[in-house]
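I have placed the structure first, in the form of structure tokens, so that the comments after it can refer back to it.
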Amino acid sequence: QSLLTQPPSVSAAPGQKVTISCSGSSSNIGNTYISWYQQLPGTAPKLLIYEDNKRPSGIPDRFSGSKSGTSATLGITGLQTGDEADYYCGSWDFTLSAEVFGGGTKLTVL
Amino acid sequence: QLQLQESGPGLVKPSETLSLTCTVSGGSISSTGYHWGWIRQPPGKGLEWLGNIYYTGSSNYNPSLTSRVTISVDTSKNQFSLILTSVTAADTAVYYCARRKTHLNWFDPWGQGTLVTVSS
């Protein structure tokens, strides 16, 4: 079981907005940064959001990150079929002294 | 730009040792402020962190695997390596190497990954 909990799947229509949640605890999200990764089918994960809400160069502003307490949210607006992918949250857990990832959320753009 | 490339055998027999190398190009593995990590993904499943290493050789590992995992670094070759002993079918996965920003909990970039199958 992942220490970071994500919904297994979300879906929305093209052009719509979707949010993906990542729930943790004071041992991880509540006391350190979270990052988000996009994994397109058959490819390696790619950094999408870092340090809770920052976007790497080249990531469109349709992608956003936020955090409140022990939970974080990835938001995607103006959905495109090319956004269909698995999305993972990641953080550090101070109790385990380990990197932890959420179980992943599969986004379907209907 | 910085690129990482995993290399090593794609097939390992049960009870034997898995050995992979990650070659860093376009930058120095001795850059301060960055660790270098290994993450794996079993087929159809999520991401599992294996461990990180700093260019000085300081390392930390996933507590669930610490007895079987060793990560080392060779700054002269700009490479770091993963050793996983006593493998079983449960170790079949795509293995990724990635650069980690120290203290800030993000990995970027990632290598393309290499599939390692454990089978006799």
Side-chain angles (χ1 to χ4, degrees), chain A residues 1-9 22 24 27-59 65 67 72 74 85-106, chain B residues 1-7 20 22 24 33-54 58-69 71 82 93-116:
Chain A
Q1 295 290 67
S2 303
L3 290 183
L4 304 183
T5 302
Q6 297 180 236
S9 63
C22 178
S27 180
N28 40 67
I29 296 177
N31 276 288
T32 190
Y33 290 114
I34 190 167
S35 52
W36 290 91
Y37 304 88
Q38 177 192 58
Q39 187 175 33
L40 296 169
T43 69
K46 180 176 79 171
L47 181 66
L48 203 59
I49 298 290
Y50 68 101
E51 294 170 31
D52 296 345
N53 54 21
K54 298 177 182 176
R55 282 178 287 106
S57 173
I59 300 299
K67 189 175 83 172
L74 172 70
D86 293 322
Y87 293 84
Y88 293 90
C89 57
S91 189
W92 176 264
D93 188 273
F94 290 97
T95 299
L96 289 179
S97 291
E99 308 276 1
V100 289
F101 293 99
T105 298
K106 183 176 182 61
Chain B
Q1 75 276 23
L2 191 76
Q3 292 184 318
L4 288 77
Q5 177 69 57
E6 305 88 351
S7 59
L20 296 174
C22 181
V24 178
Y34 291 97
H35 280 67
W36 304 89
W38 286 97
I39 302 107
R40 70 180 180 180
Q41 184 173 36
K45 296 188 178 181
L47 303 171
E48 180 182 32
W49 172 72
L50 302 180
N52 296 331
I53 193 164
Y54 200 55
S58 173
S59 59
N60 58 325
Y61 303 119
N62 186 321
S64 68
L65 294 166
T66 189
S67 64
R68 297 197 294 132
V69 172
I71 298 175
L82 170 73
V94 175
Y95 286 76
Y96 297 101
C97 59
R99 183 185 68 169
R100 181 190 187 269
K101 181 62 176 174
T102 303
H103 302 314
L104 297 179
N105 314 336
W106 50 262
F107 290 92
D108 181 66
W110 295 56
Q112 66 183 29
T114 186
L115 174 63
V116 179

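Protein chains get the first letters and strands the later ones, always in sequence-line order, with residue 1 at the start of each.
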Hey, mind stepping through A:Y88 and B:Q41 against side chain to side chain contact (heavy atoms under 4.5 Å, CB included) and telling me if it holds? CA-CA 12 Å; A:Y88 293 90; B:Q41 184 173 36; 3.1 Å; yes

Output yes when a side-chain donor or acceptor of A:Y37 lies under 3.5 Å from a complementary backbone atom of B:F107, and no otherwise. yes

Sub-4.5 Å side-chain heavy-atom contact between B:L47 and A:P45: yes

State whether the number of non-hydrogen atoms from other residues, nucleotides or ligands found under 6.0 Å of A:Y33 atom OH is greater than 12. no

Engaged part of A:S97 at the chain B interface, taking heavy atoms whose separation is under 4.5 Å: backbone

Can you measure from CH2 (B:W110) to CD (A:Q39) and round to the nearest 0.5 angstrom? 8.0 Å

Taken to the nearest 0.5 Å, the spacing of A:E99 CD from B:R100 CZ works out to 4.0 Å

Below 4.5 Å from any heavy atom of chain B, which atoms of A:T32 appear? Answer side chain, backbone, both or neither. both

Can you give me the closest heavy-atom contact between B:P63 and A:A98, atom names plus distance? CD-CB, 3.8 Å

So what's closer than 4.5 Å to chain A heavy atoms on B:L50: side chain, backbone, both or neither? neither

Parallel, tilted or perpendicular: which fits the ring planes of A:W92 and B:W49, with parallel below 30° and perpendicular above 60°? perpendicular

Between OG on residue A:S91 and CG on residue B:N105, distance to nearest 0.5 Å: 5.0 Å

